[in-house]
There are 2 protein chains.
Amino acid sequence: MVRKSATGRIGIADVAVKAGVSHATVSRVMNGNFTVDPDIAARVRAAAAELKYQPNPVGRSLALGKTDTIGIVVPDLANPTFQAILRGLSRAAAQDGYRILIADTFEVSSEEAILAGEARRRCDGLVLCAPRMSDAELEEIAPSLHPLVLINRTTATAGVPSLVVDYGQGVQDLAEHLVGLGHTRLAFLAGPARSASNGLRLQGLAAFKAAHPQVEVRMLEGGSDFDTGHRAVDAVLDSGATGILAFNDLVAMGLLSGLHERGVKVPEDISVTGFDDIPFARYTTPTLTTAAVPITELGQQAWHQMRALIRKESSDVPGSRYQPRLEVRGSTGPARAARSAVHG
Amino acid sequence: MVRKSATGRIGIADVAVKAGVSHATVSRVMNGNFTVDPDIAARVRAAAAELKYQPNPVGRSLALGKTDTIGIVVPDLANPTFQAILRGLSRAAAQDGYRILIADTFEVSSEEAILAGEARRRCDGLVLCAPRMSDAELEEIAPSLHPLVLINRTTATAGVPSLVVDYGQGVQDLAEHLVGLGHTRLAFLAGPARSASNGLRLQGLAAFKAAHPQVEVRMLEGGSDFDTGHRAVDAVLDSGATGILAFNDLVAMGLLSGLHERGVKVPEDISVTGFDDIPFARYTTPTLTTAAVPITELGQQAWHQMRALIRKESSDVPGSRYQPRLEVRGSTGPARAARSAVHG
DNA sequence: GCGGGTCGAGAAAACGCTTTCTCACGAACT
DNA sequence: AGTTCGTGAGAAAGCGTTTTCTCGACCCGC
């Protein structure tokens, strides 16, 4: 006869009765409070063990005002970048006994703010990846989300650290690499139009063009997934470019696959670069030249920033900036002396 | 002057005071209880809106005895299979207003049971992916985890639906495909030794061997990631097999990459198959022949089973079995008439 | 005009825990 | 021996909701 109360689960009261003490004492023992007589503590522990008592975290959260959980808002769980952030965050947080609640906004950015708010209220803090959210909306909700850590966004709101990858520098490095190989006609296969990180890449390219006026850089519309790259084959070939900067590794892989189907040789005919260095980038054929961002580590850092915020060491959390590292592999090579359209 | 109480956040009490009613009435209004005078309801709503009141989910959970959250235990967030399950689960659950709490056991199966229990207590139910957990341990903890949905495992515990992929059938289909192409020397690049799904594949292969005594099937030790496949190149070439069944797509991709480096042509010299049909399988070179399992859909089904359990429609939840679909692509081709070791 | 029934809202209990407050008891000090 | 202090455990007050219980007021019919 163990069961009690409406829920059926055994609670602190059951242990108290069995050990012949009060709820309070059981609570003290369970929390390692040493003001309890060792004999009684032992009796309580025995009772708890026998009943297999496990404190109800909801009651505990209510009393303590904390949930030991942090939320993460991601625009698309199918994207390896966000998967990696999630992974890094989850593992780092687990080290400190925290759990992760996910909110996949599924690219419906109109709901992002509401979803973020809901997630935040269930947790002790929020990590926000919302590349499409407008700056205005972000500024509006940021204060109500504190403790908040931003990924690839910044805000004027005080006390909100940002972890941003320097996509602008990365794309410049890639472009320089291609120019170094003799390419003079480049094309950028862009990402989602209103995405923040696409904006940063465009800024980087603008800087690059200023430094290399002789190099042609065509802009091609795109997206962020395989299909984008695959569908872009014609546009890429038509452009006459010999060096293609794909928005990210996924797009590059799609493009690689499409070029292969057309019999276009990479890197002999065309050089292709990606961005992110997802694990798969080492295993494409040819292997993919890309800009490596330590994205799992970024997730981990997100937790460290969050932890500092939660512990109120928040006075000097500046956020940090990640420099992508050029990772030269097989998909880029010397430009042909002269090449006209392979196409048609 | 809005702030109140220790937490600083505004609560139901603040709204009650502002609207000049009791807590109870505010609660009724917020929950759409129509036994409230429309005028008062309007006043409450106005007050709530003005204060930007949002109910505290923790208090709500305590009172309601539910959290609107379900937990998922995964052995490795880096594995695309679990990412896909997570994604399917998360999106399906979101449709019904539920959230997902993740517990990444990070392959430390010794902690799996504890982690599962903790996750379960914070949630209304648990989806468990624990391929390495022993049957004994699973049986022991299963009852305490209800409502519970199992992925790729079964249990004798009543009321626990299982969603299992028929890996045995899948691997048989792949082997038959290779035999149909004229291959007579096959090799299986195995997965983690104690993994449940690897066991199912081995059973499938045993059945295949019984049906095709003339076909040689070598067993090669392995693992579940890129590196496994990459490192296995020598063993594969030494085996003299012309048809390789890799444990999954990741292993197959690693192998493809390793073979490419050695100048071994796929599928001319060796045919390679994967398993799972992860999105990347369409974008390898050559594209990967594999057994497609609708893994995101499986995550979605996990939610539907869970929902039935939570709503106590549980009487007849049998779980389901997924048949992989053979997906023939470029990595498999006719066996050469005669081939001795390319190697050395 | 008055009792029974209904309706609507406030008071209070419940959810399961933590923590402060309170008090009884024993030890130590004068 | 009497007073004080410290110690340890129980009582009770939160934490923020929901929901039952209760009761006043109002409407209706007799």
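Here is the naming used below: chain letters follow the sequence lines, and residue numbers restart at 1 for every chain.
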Side chain of A:Thr25 (C-beta onward), nearest among C:dC17, D:dG16, D:dG10: D:dG10
Length of the line joining B:Asp68:CG and D:dT17:P, which is rounded to integer Å: 15 Å
Under-4.0 Å side-chain N/O to phosphate OP1/OP2 contact, B:Asn31 with D:dT18: yes
Pair of N/O donor and acceptor under 3.5 Å linking D:dG8 base with A:Arg28 side chain: no
Closest to the A:Val21 side chain, choosing from C:dT18, D:dT17, D:dG10: D:dG10
Under 4.0 angstrom between A:Tyr53 side-chain N/O and C:dC17 OP1 or OP2: yes
Spacing of B:Lys66 atom NZ relative to D:dT19 atom P, expressed in whole Å: 10 Å
Touch class at under 4.0 angstrom, heavy-atom based, for A:Thr35 against every strand present: sugar-phosphate
Whole-Å gap separating C1' (C:dC15) and CZ (B:Arg121): 17 Å
Nearest listed nucleotide, side chain of A:Leu62, among D:dC15, D:dT17, D:dG10: D:dC15
Gap between atoms CE and C1', on B:Met30 and D:dG16 respectively (whole Å): 13 Å
B:Asp37 CG to C:dG10 C1', straight-line distance once rounded to whole Å: 15 Å
Length of the line joining B:Asn33:CG and D:dT17:P, which is rounded to integer Å: 17 Å
Residue B:Arg60, side-chain heavy atoms: nucleotide from D:dT18, C:dG16, C:dA9 that is nearest: D:dT18
Approximate separation, where rounding is to 0.5 Å, of B:Arg43 CZ and B:Asp37 CG: 8.5 Å
Non-hydrogen atoms of A:Tyr53 and A:Ile12 that approach each other most closely: CE1-N, 3.5 Å
Atom-to-atom span, NE2 of B:His23 to P of D:dG14 - whole angstrom: 12 Å
Sidechain-backbone polar pair: B:Glu111 side chain, B:Thr105 backbone, donor-acceptor under 3.5 Å: no
Distance-only polar pair, side chains of B:Asn56 and A:Arg122, donor-acceptor under 3.5 Å: no
Residue whose nearest DNA chain C nucleotide is more 5′ - B:Leu64 or B:Pro38: B:Pro38
Residue pair A:Gln301 / A:Ser320, side-chain donor-acceptor N/O under 3.5 Å: no
From C:dT18, C:dA9, D:dT18, nucleotide with atom closest to B:Ile40 side chain: C:dA9
Which nucleotide in C:dA9, D:dA11, D:dC15 has an atom nearest any side-chain atom of A:Ala63: D:dC15
Touch class at under 4.0 angstrom, heavy-atom based, for B:Val36 against every strand present: sugar-phosphate
A:Ile12 CD1 to D:dA9 P, straight-line distance once rounded to whole Å: 15 Å
